[in-house]
There are 2 protein chains.
Amino acid sequence: MEKKNSGTVGVKEIARLANVSIGTVDRVLNNRVGVSEKTKAKILKIIEELDYQPNIFARRLASKKKLRFATLIPQVSDETKYWAAPLNGIQQAASEIKDFGIEVIPFFFDQNNRASFLESTAKIIPQDFDGILMAPMFEEESIVFIQQCNDRKIPLVFINSDIPGYNNLCYIGPNLYQSGFLSAHIANYLTPASKKILIVNISKEIDLHHHLLRKEEGFRNYFEQNGSKNQLTKIDIQQTDYPHIEQKLSQQLAKDQYNVVFVTNSRVATVAKYFEEHKIEGIKLIGYDFLEDNIHYLKNKTIDFLICQKPQEQGYRGLMSLYYHLVLHANIEKEQFMPIDIITKENYQYYSN
Amino acid sequence: MEKKNSGTVGVKEIARLANVSIGTVDRVLNNRVGVSEKTKAKILKIIEELDYQPNIFARRLASKKKLRFATLIPQVSDETKYWAAPLNGIQQAASEIKDFGIEVIPFFFDQNNRASFLESTAKIIPQDFDGILMAPMFEEESIVFIQQCNDRKIPLVFINSDIPGYNNLCYIGPNLYQSGFLSAHIANYLTPASKKILIVNISKEIDLHHHLLRKEEGFRNYFEQNGSKNQLTKIDIQQTDYPHIEQKLSQQLAKDQYNVVFVTNSRVATVAKYFEEHKIEGIKLIGYDFLEDNIHYLKNKTIDFLICQKPQEQGYRGLMSLYYHLVLHANIEKEQFMPIDIITKENYQYYSN
DNA sequence: ACTAATTTCGTGTACGTTACCGTTAACCAA
DNA sequence: TTGGTTAACGGTAACGTACACGAAATTAGT
C-alpha cells in the first residue's frame, strides 16, 4: 500500500521512515559501528519490510573500495597447452569485474618444478591479497600455502584439482573418478563384449600421477561393477618425450592385441601420433582435453573420443566465485563439478570450452 | 605521458581539454543534435586519444531510459516439458538485466495451435517493444510477424529453430543437420558393421516435422558419406498418445530385427516406455533432450544416448544478445550454434542445460 | 553538578553521467 | 534597426550511495 512513489526505495526513504538520517541507515547497512542497538533494530526491520535492495550502480559509483585477487596456475608450456584455457577464462572474468574495482594479478609456476611453485607462493603471501585462485597441483607445498592463507583469512578457490578436507571457499573442476567411469562406459560400447583394454598414464610428476590414478580408479570400477570379463592392462610412462613414449608403446603393444586404449590425460595426441606413424588401425583411442593436437587426431579419426571438462569455465567461474563471495556476500557451492563432455569428430566444431 | 591524474578520464576531463562544457561532450557521446561538426570532430579526437570508456555505473544511475523486450515461445505442456528450460534461461537473463532498466514480458503459444500463435503476435505488435525473442515454429505465420517487426525496425532474435534468409538480429540454437550427423556417428559405434536402423519421427504439426527432417537428413547423409551398408528405415507417427505410438511401433518392429532406433526428438521417452513394457532388449536407443522422463530411461539403460543442445542457454543468450545489441551496441554473431552435447547414464548428473 | 570521554547521529560533499533548462550568438525577414 | 527563430553550447540538479567531519547526546569520572 505504502508505495505510491516511483518504485525505488533507497536509504533516503528508509531514513525517513525510521526518523533518522541517511548516515545512520548507511551505518547499519554496511554494519559499521556507531549506532545503538535500538535504532539498528528499527532500521533493520524497515529494511526487511521494504525488501530493500541497494542500488549496485550508486554503490559502485560512490565506493572507492578496491579488491585484489591473485591467481596461481601452471604456465602454459609447449608440452601441453592445457592451461591456456583456464588462463583465458581467468582473463575474461578479470575484464568483466574490473569495473567493479577488482584487480587480478596472475602468478604462474612450472608443472615440472616444485621449487617454482614455492617461489610464486612466496611472492603472493606478503602482498595480502583479498582472494586467491589456485591449482593446488603439488599437494605438500600447497598445504603449507593454504595454511598461511587460512591464518590470514584469505578466501581460496581451487580449480582443476582438489585437496579434499582443506578448508577453502570452493573447488571448481572435474570429478575425476566419474570421468574415468564415463570413459569406461564409452569404451564398453566400442567393441565386442570381451575386450582387451590398455590404460596409459603419461606423466612425470608423481603428484599429477595422483590425479590420473583417480580417473583410472573410476575406469576400472566401472568394469568391476558391471561384472565384465574385460582384460585391463596399465602402463606408466614417466618420460614425456616422444621417443621414449614410442618405445614404451611398441614394447607394450607387441605383448598383446588391444581393442581400446585409454589415455588418462591430454597426452593422448602423442599416442595418436604413434598410431599414425606405425599404421596401427582398429584400436579405439580415448583421451582427454580439447587441445589443438588432440583435435587434429580426432578429425582424422585416430582418436575416437575426447573427454573434456570446460577448462576455460573453470578459470572463469573460479574468479567469479571469489567475486560473488567477497562483493555480493553470496554463499558459494563448496564443490562445483564441471560437466563431463564427450567430444567426437562430429561435434567438436561447436564445443565451447 | 599526459595522465598524471588519478586514472579516470570522464566527460569533465574531455570537456576541459576541448574547451567546451560537459553538456557538449554529452551530446557527441550520445550523438544527439546540437553540436557543430568542428567541435564534434575535436571532441571525438580527444575521446579517441584518451580511449575514454564511459562509466557504466554513473550512466545507469543517471539514465532513466527504459527498454522493453517481449519473448514468444511455446508454453510448457504436459506432453513435453522441453520449453521449461528456455523459459528458465529467459527468466534468469531477465533478472540479470532488470537493474539495467530492462523489462521483459513473456508471451506464449500452443505448439499444436497456429491460431494461438497469431493471437500472441497480435498482442505483441501494438505494444511497440524494443526487442523481441521468439521461437519461429510456424513458418508461414512467423514470416508475417517478422515482416511487421522489420517494418517497425524492432530487432528480433530466433531461438531453437531458424527461418533462414529472414533478416533479424541472430539465431541461437542447434545445427539440426549436424546433430543428426553426430547421432549417426554414435549409432555407428554401437553395433556390428552392418546394422539395421530405424528412424522414428513423432510429431503432430507439419512445421515441426520440418525441424525433424533436417536431423534425419544429417543422420542419413552420415551413412551415405561413410559408404556404409546399413539399412535405414523410417516411420512417421503423427499422433502423440501412447496407445497410438505403441501400435505403430509394434507394427514396425514386427517387420524386422533392428539394432538401433533413433528418435528424432524428445519423445524418445515414449519409445523407451514401449521398450520397457514389451521387454525389448538389445536395441540401442538414441534420442533428444535432457528431460526428466528421458533421464529416467537413461538411468535404467533403456535409452543409451541423449543428444542435448542447452535449451536453457538458448533462452539466456537470446535475451542477452538483445541487451548487448541495444544497450552496448555490440555486434552480434548472426548464427550462434549450440554445442551438441552427448548425455549418457554416466555423465547426466553433471550436465548443465 | 561539572567536565571529559565516548557513543550516537546529522550534514555535506563526492562519484561520473544524464537530461533538462537557459543562455548566447548568428541569421533572416520585415 | 528590430524582432523572432534557431543552432550551438553552458550550467546544473538529479541519480543513490559512501564517507569524512563535526555536532549532539549519552555515559563515565570526579
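Hydrogens, waters and symmetry mates are skipped; everything else that's a heavy atom, side chains included, is used. Quick note on labels: first sequence line is chain A, next is B, and so on, each numbered from 1.
Not one N or O on the side chain of A:K310 forms a donor-acceptor pair closer than 3.5 Å with the backbone of A:P174. Judged by distance alone, with hydrogens and angles left aside, the side-chain atoms of B:S95 form a donor-acceptor pair with the main-chain N or O of B:Q92 at under 3.5 Å. Remark: side-chain polar atoms of A:Q314 are paired, donor with acceptor, to backbone N or O of A:N160 under 3.5 angstrom. A distance-only check finds a donor-acceptor pair linking the side chain of B:S120 to the backbone of B:F108 [under 3.5 Å]. At least one donor-acceptor pair closer than 3.5 Å links the side chain of A:Q309 to the backbone N or O of A:P339. Side chain of A:D130 to backbone of A:R68: a donor-acceptor contact under 3.5 angstrom is found. B:K40 contributes no side-chain N or O that, together with a main-chain N or O of B:V35, makes up a donor-acceptor pair within less than 3.5 Å.
Separating the CG atom of B:D99 from the C1' atom of D:dC15 is a distance of 14 Å, rounded to the nearest angstrom. The interatomic distance linking B:D26 (CG) with C:dC20 (P) rounds to 11 Å, in whole Å. The distance from atom NZ of A:K12 to atom P of D:dT17 is 9 Å, rounded to the nearest whole Å. Per the geometry, CD1 belonging to A:I47 stands 13 Å off C1' belonging to D:dT17, to the nearest Å. Going from atom CD of B:E13 over to atom P of C:dC15 covers 13 Å, rounded to whole Å. Atoms CG (B:L29) and P (C:dA19) sit 12 Å apart, rounded to a whole Å.
Counting heavy atoms of neighbouring residues, nucleotides and ligands inside a 6.0 Å radius, atom CD of B:Q148 exceeds 12 of them. Counting heavy-atom neighbours within 6.0 Å of A:Q127 CD, excluding the residue itself, gives a total above 12. More than 12 non-hydrogen atoms from other residues, nucleotides or ligands lie less than 6.0 angstrom from OH of B:Y52. A 6.0 Å sphere centred on NZ of B:K38 holds no more than 12 heavy atoms belonging to other residues, nucleotides or ligands.
Under 4.0 angstrom from either OP1 or OP2 of D:dC15 there lies no side-chain N or O belonging to A:N55. Distances shorter than 4.0 Å separate none of the side-chain N or O atoms of B:T24 from OP1 or OP2 on D:dA8.
Within the structure, side-chain hydrogen bond (donor to acceptor under 3.5 Å, both in side chains) pairs that include any residue of residues 316-330 of chain A comprise A:E96-A:Y316, A:E313-A:R317, A:R317-A:Q336 (at least two apart or interchain).
Comparing D:dA18, C:dT18, D:dT17 by their closest approach to the side chain of A:R32 singles out D:dA18.
The two atoms that bring A:R27 and A:V33 nearest to each other are CD-O, 3.5 Å, heavy atoms only. Looking at every heavy atom in both residues, B:I132 comes nearest to B:F145 through CD1-CZ, 3.9 Å.
Under the 30°/60° scheme for interplanar angles, the aromatic rings of B:Y351 and B:F290 are found to be tilted. The aromatic rings of A:F57 and B:F57 are tilted relative to each other, their planes meeting at an angle between 30° and 60°.
At its two ends the helix from C:dA1-D:dT30 to C:dA30-D:dT1 runs along axes set 50° apart, each axis drawn from five pairs and the angle rounded to 10°.
Looking at residues 58-69 of chain B, you'll see B:L61, B:A62 sit with a heavy atom under 4.0 Å from some atom of DNA chain D. Sorted by residue number, the members of residues 15-22 of chain A with any non-hydrogen atom under 4.0 Å from DNA chain C read A:N19, A:V20, A:S21. Taking every heavy atom of residues 36-46 of chain A and every atom of DNA chain C, pairs under 4.0 Å involve A:S36, A:T39, by number.
Heavy atoms of A:G10 sit under 4.0 angstrom from primed sugar atoms or phosphate atoms, though from no base atom.
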Distances under 3.5 Å between nitrogen or oxygen atoms of protein and nucleotides 20-24 of chain D:
none

